[in-house]
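For reference, the structure is listed below as structure tokens.
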Amino acid sequence: MIDPSSLSLPTPVTRNPAAATTTTTNDDNSLSFPAVSHSNGAGLTQRRKITIPQHRMTPLKRDWIKIYTPLVEECGLQVRMNAPKRMIEMKTSKHTVSTSSLTRAADFLGAYALGFTAEDAIALLRLEELYVESFEIKDVKTLHGDHLSRAIGRIAGHEGKTRFVIENASRTRIVLADTKIHILGTYSNIKIARDAICALILGSPPGKIYAGLRTVAARSRERF
């Protein structure tokens with residue numbers, strides 16, 4: 001048997017974080033890093049290219065001033081149009097203050113390329129909680145021929161009435177591009193519009209959708 005009293009235990013070491021910090025700071029060989037800044041003073045240039053579809057080139061030429069001005073004045077980016085490649089090229093400059101300006105500008109141009117108007121898509125530059133969600137009719141239900149055409153007609157409505165009702169009730173913007181559907185809005189509002197559109201695709205009559213949207217709009221007014 002080993003007598004525990006005969007064992008010599010090591011002396012505990014007491015560490016002083018303040019002293020260690022002082023020693024490290026005063027060491028001539030220690031590394032020193034400056035504080036991280038949001039400014040682009042380090043000379044690093046970020047670039048982004050956004051491809052514009054062929055059918056959006058004509059509206060782009062018409063709305064170029066509306067698109068170019070906020071990108072330069074509000075985001076401080078350098079922007080040019082590469083017409084042969086159908087691309088909008090952007091890069092940061094010394095006037096770019098926020099690190100997220102390039103990302104928000106890319107979201108803005110991406111929404112415009114999907115078919116949203118410049119007035120609607122520019123909200124992505126100024127509001128943080130807006131998103132664009134895209135899906136296809138076949139993601140909800142597989143339809144072909146006349147059934148697919150009728151589903152598209154139910155979503156659009158006569159002269160776009162149904163789409164306008166969904167937009168106004170859910171406070172979103174909707175682009176119906178053939179079988180693809182793009183929704184611009186906040187997360188909760190996108191869910192309201194998506195549920196209404198999915199119900200129309202599955203065959204619900206527009207009148208039933210209107211009733212549900214009226215209930216949603218009434219609840220929204222009570223909340224605010």
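When a residue number appears, it is its place in the shown sequence, counting from 1.
Tracing side-chain contacts under 4.5 Å through hydrophobic residues (I, L, V, M, F, W, Y), one never reaches Leu60 starting from Met87; they form parts of separate clusters. Note on Phe135: it clusters hydrophobically with Leu148, by side-chain heavy-atom contacts below 4.5 Å among ILVMFWY residues. No path of Ile, Leu, Val, Met, Phe, Trp and Tyr side chains, each step under 4.5 Å between heavy atoms, connects Ile166 with Leu130, placing them in separate hydrophobic clusters.
The two atoms that bring His182 and Ser134 nearest to each other are ND1-OG, 2.7 Å, heavy atoms only. Across Thr172 and Gly185, no two heavy atoms sit closer than the pair CG2-CA, 4.3 Å. In terms of heavy-atom proximity, Leu109 sits nearest to Ile88 at CD1-CG2, 3.7 Å. Taking every heavy atom of both residues into account, Ile122 and Pro70 meet most closely at CD1-CG, 3.6 Å.
Two residues are said to be in side-chain contact when any heavy atoms from C-beta on lie closer than 4.5 Å; Tyr131 and Asp107 fail this criterion.
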Legend entry - Intermediate values then yes/no, side chain to side chain contact (heavy atoms under 4.5 Å, CB included), Glu119 and Lys66: CA-CA 8 Å; Glu119 291 79 6; Lys66 299 178 183 178; 2.8 Å; yes
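Annotation: the span from Ile174 atom CD1 to Ile190 atom CD1 amounts to 10.0 Å, rounded to 0.5 Å. How far CD of Glu167 is from CZ of Arg163: 5.0 Å, rounded to the nearest 0.5 Å. Taking CG of Leu71 as the reference point, atom CD of Glu73 lies at 10.5 Å (rounded to 0.5 Å).
Here the side chain of Asp195 pairs no donor or acceptor atom with the backbone of Ile192 at under 3.5 angstrom.
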